[in-house]
Protein chains: 2
Amino acid sequence: MARVRGEKGEKSEKNEGPEGAAGPAEAVGVAAGNDAVRLLWGPRPKPGRGPKPGLDLDRIAHAGIKIADAEGLGGVSMQRAAALLGVTKMALYRYVPGKAEVIALMVDAAIGRPPEQDAAGATAPGWREELDGWARRLFDVFRLHPWLLEATVGPRVMGPAELGWMEQAVSALDGTGLTGAERMDAAVLLTGHVRAIAQQARAAAPTSGTEAQLGAVLGALLAEHGGRFPALTAALDSTRETGGQDEAWEFGLRRILDGLAVLIDQRPA
Amino acid sequence: MARVRGEKGEKSEKNEGPEGAAGPAEAVGVAAGNDAVRLLWGPRPKPGRGPKPGLDLDRIAHAGIKIADAEGLGGVSMQRAAALLGVTKMALYRYVPGKAEVIALMVDAAIGRPPEQDAAGATAPGWREELDGWARRLFDVFRLHPWLLEATVGPRVMGPAELGWMEQAVSALDGTGLTGAERMDAAVLLTGHVRAIAQQARAAAPTSGTEAQLGAVLGALLAEHGGRFPALTAALDSTRETGGQDEAWEFGLRRILDGLAVLIDQRPA
DNA sequence: TGCTTTTAGTGTCCGCTGGACACAGTTGAC
DNA sequence: GTCAACTGTGTCCAGCGGACACTAAAAGCA
């Protein structure tokens, strides 16, 4: 396996200034961009002369995923991942230049390739049904790996799997008369909704203390300070368990698709 | 000032298990819920007998904001914030039970109260104009404090300012025939779009290395692996600088408002 | 006025993190 | 058979969030 760090001095440049003084550096910073691209998109350097590598990027990614699924992204550390693989943490640095890249690999592996959807008979489904199904499948992924939300904030490089999802959404809009930019914007719009609801679902998840505790907190707050938020109070009162986040998901999805339909209908095909 | 930690043993409960074994614990975890509620919503305990407090929650929040604005959320540590205020980091723990609460305070202070918008003459603006302006103003806030994106992932308690924004959006839909739940869902939908574009804008921000580097990376990737992503390649080729993220913002906003209009028009007022 | 109690800020300590670096042992190529 | 490349380990470091004991200041009460 080829050296994972380029020039050995390259990595040290990260430490310039007191704290980097520029980027978030929190998750997958852009500083890791080039490295991350190489790791995500290959080519994976073939083993050369030394001892056989005991690990590979996939195993590392899945070790991280296992931890993150069980304990959240905060539970993922180089130590824990390495321990899960039966090596010391420094062994991981033979495969990956830093933690940011581990997370990038985790993200792409966890998102996974989008399932093929055509088949299902001879009738072509139409853009609306396709996008609807696409959004639901993506939502399922975020529900399965809630930490994906935190892991995908900030500037980062998309991996092949993630790009595959984008491809599928954009191609669902082929032949609708929308321009290329518009098709991509539509995919971004849908992704935003998926993320928004996934986030809201996580807040109400039973993992978080006692049941839908946060919703209760909101209710209590409005009960106490309701005077300052009349419209919210009224809205919440008139709701009272109409459906919860499932409703928000369906509502937003329908609104977005309706909005797209308005545009598509007035376009010459 | 009253003791900030309740029973002194309460805090230790956080350390149960190897790593909490439950929550993300990364940002503002739900474990901080009760404390965060007290700090965000008051009542602020009035000073009692001891030495005069040299700080207050607002100053702490703004110190954190200053750092985060300059260096990103990753640059915010108790040490740095305390140093900016001229005290040791442990002094902060007299006001705040932990870092999570500092971030919660930063978030609410940075989001700020939504500007009043009525006035502007006698003509009532109508829900569409109101929501449009609302979304743009919220977007401005996220552009001003990009770290808000990272700071607001995960389950958390909303502060008065944040709830004020929600209030404004919901009240803009009063009288449209939408149910309370639907009005809230619409607000969530818009917020999701604001966040999605804010995130995408951050990726292309000049802060990140050389200019819109990440967009270039995407282009290079598609140039190399374009065969696997035909629809994306076509979309991106047909685009070529049609406008960038501004277009995505306008596109999504219009689509959402169109979708809402479809629903509202078919509702009896 | 003086004493006592409450409290603000400090200093010290701990476990953990991500990462640099030097080293030992294994392997393939010549 | 020798050598160069490479994997995994051990050790070290600065920085992090936070617990805890301590000193000093201020207010209430006698």
Side-chain angles (χ1 to χ4, degrees), chain A residues 1-5 7-15 18-20 25-29 31-32 35 45-56 60 64 67 73-83 85-103, chain B residues 1-5 7-15 18-20 25-29 31-32 35 45-56 59-60 64 73-83 85-103:
Chain A
M1 183 155 194
R3 188 187 292 106
V4 113
R5 298 197 290 276
E7 287 295 321
K8 200 182 206 175
E10 175 184 323
K11 192 71 176 183
S12 302
E13 292 176 8
K14 264 191 184 176
N15 288 351
E19 189 67 28
E26 187 77 328
V28 185
D35 295 312
K46 44 185 175 292
R49 212 179 331 191
K52 305 213 153 179
L55 306 173
D56 59 75
I60 294 176
I67 299 172
L73 197 62
V76 179
S77 75
M78 298 303 262
Q79 305 230 54
R80 307 249 301 113
L85 295 166
V87 295
T88 19
K89 68 167 180 178
M90 290 315 291
L92 301 185
Y93 288 92
R94 292 285 168 198
Y95 300 83
V96 147
K99 194 192 180 184
E101 287 79 9
V102 173
I103 292 181
Chain B
M1 185 155 191
R3 187 187 290 108
V4 110
R5 299 197 289 277
E7 287 294 321
K8 199 182 207 176
E10 176 184 319
K11 194 69 176 185
S12 301
E13 289 174 9
K14 264 190 182 174
N15 287 353
E19 189 66 27
E26 187 78 328
V28 184
D35 294 313
K46 43 182 174 293
R49 216 184 323 196
K52 306 212 153 179
L55 307 173
D56 58 74
R59 287 189 60 202
I60 294 176
L73 197 62
V76 179
S77 76
M78 297 303 263
Q79 306 230 54
R80 306 252 298 113
L85 295 165
V87 295
T88 33
K89 69 169 179 178
M90 290 315 290
L92 302 185
Y93 287 93
R94 293 283 168 195
Y95 300 84
V96 148
K99 194 193 181 183
E101 287 79 9
V102 173
I103 293 180

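Convention: sequence-line order gives letters A, B, ...; per-chain numbering from 1.
A donor-acceptor pair is defined here as one N or O able to donate and one able to accept, closer than 3.5 Å; such a pair exists between the side chain of B:R59 and the backbone of B:G54. Listed for the A:K89 side chain is no donor-acceptor partner under 3.5 Å among the backbone atoms of A:S77. Here the side chain of A:Y95 pairs no donor or acceptor atom with the backbone of A:I60 at under 3.5 angstrom.
A sub-4.0 Å separation between OP1 or OP2 of D:dC20 and a side-chain N or O of B:Y93 is absent. Considering only side-chain N and O atoms, B:Q79 lies nowhere under 4.0 angstrom from the phosphate OP1 or OP2 of D:dG17.
Rounded to whole angstrom, the span from the CE atom of A:M78 across to the C1' atom of C:dA20 amounts to 13 Å. As a whole-Å value, the separation of A:R80 CZ from C:dG15 P is 18 Å. Separating the OH atom of B:Y95 from the P atom of D:dG18 is a distance of 18 Å, rounded to the nearest angstrom. In this structure, the CG atom of B:L55 is 17 Å from the P atom of C:dT7, given to the nearest Å. With rounding to whole Å, A:L92 atom CG is found 9 Å from D:dG8 atom P.
Once rounded to the nearest 0.5 Å, the distance linking CD of A:Q79 with CG of A:L92 reads 10.0 Å. Here the CD1 atom belonging to A:I103 is positioned 5.0 Å from the CG atom belonging to A:L73, to the nearest 0.5 angstrom.
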Restricting both atoms to N or O, compile the protein contacts to nucleotides 26-30 of chain C shorter than 3.5 Å, with distance only.
{"residue": "C:dT27", "atom": "O2", "partner": "A:R49", "partner atom": "O", "Å": "2.9"}
{"residue": "C:dG28", "atom": "O4'", "partner": "A:R49", "partner atom": "O", "Å": "3.1"}
{"residue": "C:dG28", "atom": "N2", "partner": "A:R49", "partner atom": "NH1", "Å": "3.1"}

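Considering every non-hydrogen atom in both B:D35 and B:E101, the closest pair reads CB-OE2, 3.7 Å.
As judged by a 4.0 angstrom heavy-atom cut-off over every strand, B:M90 is placed among the base-contacting residues.
Of the residues near DNA chain D, A:T88 and B:K99, the one whose nearest nucleotide (by heavy atom distance) lies more toward the 5' end is A:T88.
Side chain of B:R94, nearest nucleotide from D:dG8, C:dT17, C:dT10: C:dT10.
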